[in-house]
Number of protein chains: 2
Amino acid sequence: MQNAKAISTPDLDQPPQKKGERRQVHEHVLSRMRRGLMVGAFLPGQVLSLRKLAAGLGTSPMPVREVLSRLIAAGALEETANGSVAPPRLGPDKLEDLFSVREVLEGMAAEMAARKATPALIEELTAINTKLLVAIEKRDISGCLSFNQEFHFTLYRGCGSDVILPLIEALWLQFGPTMYMSLLVPSMPWNAADHGAILDALKKGEHAAVKRGIVHDIRTTKRALLTVLGENGMADLPFAARSDLFGDF
Amino acid sequence: MQNAKAISTPDLDQPPQKKGERRQVHEHVLSRMRRGLMVGAFLPGQVLSLRKLAAGLGTSPMPVREVLSRLIAAGALEETANGSVAPPRLGPDKLEDLFSVREVLEGMAAEMAARKATPALIEELTAINTKLLVAIEKRDISGCLSFNQEFHFTLYRGCGSDVILPLIEALWLQFGPTMYMSLLVPSMPWNAADHGAILDALKKGEHAAVKRGIVHDIRTTKRALLTVLGENGMADLPFAARSDLFGDF
DNA sequence: TGCGCCGATTTGTGATCTCAGTATGTGATC
DNA sequence: GATCACATACTGAGATCACAAATCGGCGCA
């Protein structure tokens with residue numbers, strides 16, 4: 001996953017079209033779909049239709065097919081029996097597996113990033129965290145998800161390895177839909193408490209503490225997720241996907 | 001990457017066609033390409049043409065496009081400036097990054113597998129290792145690669161997590177072409193010494209020792225790879241890809 | 001009222017076609 | 001003999017087409 005464009009696009013939605021680089025349709029589709037997966041446009045298990053998706057995006061099915069292939073390869077989507085695709089439903093044990101890998105991978109990335117952290121990076125992270133706190137205060141689910149993701153990935157990008165980053169991104173895309181659904185339950189707590197400790201450790205140059213902070217943050221999220229999904233008997237929560245992003249399916 | 005079919009196919013080449021499952025063309029293409037990447041059909045940096053690939057595989061470009069998309073998402077292929085694809089050229093630092101992630105991920109998988117290891121699994125691994133030793137004795141490069149891969153993945157499959165396995169597979173696909181090229185250098189040593197220690201630790205139920213064995217094995221491979229590629233000044237080795245698998249390009 | 005069958009519709013898959021951008025290779029000219 | 005220009009061939013991207021399987025709907029029968 002060394003090419004950053006493989007799965008992760010720098011989130012350019014408006015056709016920037018700078019330089020000789022032609023803006024490809026499938027790049028646009030990819031960034032839309034990736035964001036959609038992270039902010040609740042698709043529910044776990046919700047079957048996505050190729051043609052309807054293409055219609056919603058205003059293109060032919062071709063670029064969508066390319067994107068779906070990539071998302072399947074990343075584990076962000078699963079093939080159903082008849083070849084359709086849907087975001088994965090994560091059971092307790094799979095969720096446990098997923099978050100164990102997150103701990104290892106993101107802990108590693110965080111520690112590496114801490115070694116190379118510049119004051120500018122720390123300042124950037126602090127600013128993002130402030131926006132996250134505001135979003136939490138306002139009960140802005142999409143804001144929470146976006147700023148939390150931005151906080152983590154801004155840190156991880158600092159590790160300087162373009163091998164580990166796409167792997168982490170694949171993991172996030174896998175639990176994104178489940179994460180969003182869980183946040184629709186009012187009792188689901190959002191905890192950004194660890195971020196403060198991470199920033200402190202970053203400023204003090206305590207690499208191991210940064211790693212511990214990230215791992216603790218991941219464990220907290222995992223526990224909350226397991227609790228909420230467990231309370232609801234692992235059955236699907238009776239919520240609908242956001243239709244303001246792609247239309248209905 | 002939870003669906004095992006996402007990137008990794010159970011290597012079914014002959015149309016098994018059992019049950020109601022339709023054998024899809026792109027699955028066949030995917031398994032061919034994956035094996036090709038691991039046994040030297042493509043060299044690092046070698047540009048692959050969509051149409052020629054399709055012609056070599058006897059299909060239309062469509063299934064190939066789908067497969068290339070998935071391999072790009074896995075990092076097994078990179079997009080060139082004009083949209084073509086090629087296996088990545090791995091420089092020393094990227095190789096270092098890649099193998100660091102391997103240590104963490106495969107170490108984790110190995111330890112988990114060790115906890116669940118059954119006598120049957122250990123016996124299977126022993127048999128594979130025997131075949132590997134024969135291949136080494138015969139200087140059979142393809143055999144070495146295949147059996148070594150089979151040894152590792154048979155162990156990792158025992159970890160019972162279908163989250164971590166596709167990530168490891170993606171990493172192997174990334175360094176596969178570079179690994180093959182390095183083996184063409186006569187001075188490249190192949191070391192399966194750690195496998196014996198791993199099997200011993202497995203039999204004794206020493207989980208940590210299994211993990212240590214895997215990590216040591218990975219470190220040894222990394223060192224050998226860096227040495228061989230360094231000697232040749234990181235320039236491309238003047239070897240050709242195997243044309244007996246896909247034809248020439 | 002409940003169950004089963006049949007047809008219309010929608011599904012993904014693969015092939016084909018067009019188009020624009022790029023590389024190639026050959027020719028003429030200096 | 002070297003270099004530049006133009007024409008040809010080839011590249012991937014996207015749209016469209018064709019087909020078969022599966023799904024969903026409604027109708028008819030028990």
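Naming: A, B, ... by sequence-line order, numbering from 1 per chain.
- Nearest nucleotide to the side chain of B:Gln24, out of C:dG14, C:dA15, D:dG12: C:dG14.
- Checked against a 6.0 Å centroid threshold, the rings of A:Phe99 and A:Phe175 count as neighbours.
- The listed nucleotides are C:dT11, D:dG12, C:dG14; the one nearest the side chain of A:Ser49 is C:dT11.
- Residue side chain B:Arg65 reaches the base of D:dG14 through a donor-acceptor N/O pair under 3.5 Å, judged by distance alone.
- Between A:Leu68 atom CG and C:dT11 atom C1' there is a gap of 13 Å when expressed in whole angstrom units.
- For the pair A:Pro61 and B:Val85, both in contact range of DNA chain D, the more 5′-proximal nearest nucleotide belongs to B:Val85.
- Using a 4.0 Å cut-off between charged side-chain N and carboxylate O, A:Glu96 and A:Lys222 make a salt bridge.
- Closest to the side chain of A:Leu50, out of C:dT16, D:dT16, C:dG12, is C:dG12.
- Across the protein-nucleic acid pair, A:His28 atom NE2 and D:dG14 atom P stand 12 Å apart, rounded to whole Å.
- For D:dC10, the OP1/OP2 oxygens have no side-chain nitrogen or oxygen of B:Lys52 closer than 4.0 Å.
- If you take CD1 of A:Ile72 and C1' of C:dG12, they are 11 Å apart, rounded to a whole angstrom.
- Looking only at distances, no side-chain donor or acceptor of A:Ser84 sits under 3.5 Å from a matching main-chain atom of A:Thr80.
- By the 4.0 Å N-to-carboxylate-O rule, B:Arg70 lies too far from B:Glu27 to be salt-bridged with it.
- A straight line from CD of B:Glu66 to P of D:dA13 spans 14 Å, rounded to a whole angstrom.
- Exactly one of B:His152, B:Gln149, B:Glu106 qualifies for a side chain to side chain donor-acceptor pair (under 3.5 Å) with B:Trp172. That residue is B:Glu106.
- With a 3.5 Å ceiling on both atom-pair distances, the Watson-Crick or G-U wobble partner of C:dC30 is D:dG1.
- Nearest-nucleotide positions on DNA chain C place A:Asn82 closer to the 5' end than the other of A:Met62 and A:Asn82.
- Residue side chain B:Arg51 reaches the base of D:dG12 through a donor-acceptor N/O pair under 3.5 Å, judged by distance alone.
- Spacing between atom CG of A:Leu53 and atom P of D:dA15 amounts to 14 Å, rounded to whole angstrom units.
- The NE2-C1' distance, from B:His26 to C:dG12, rounds to 10 Å in whole Å.
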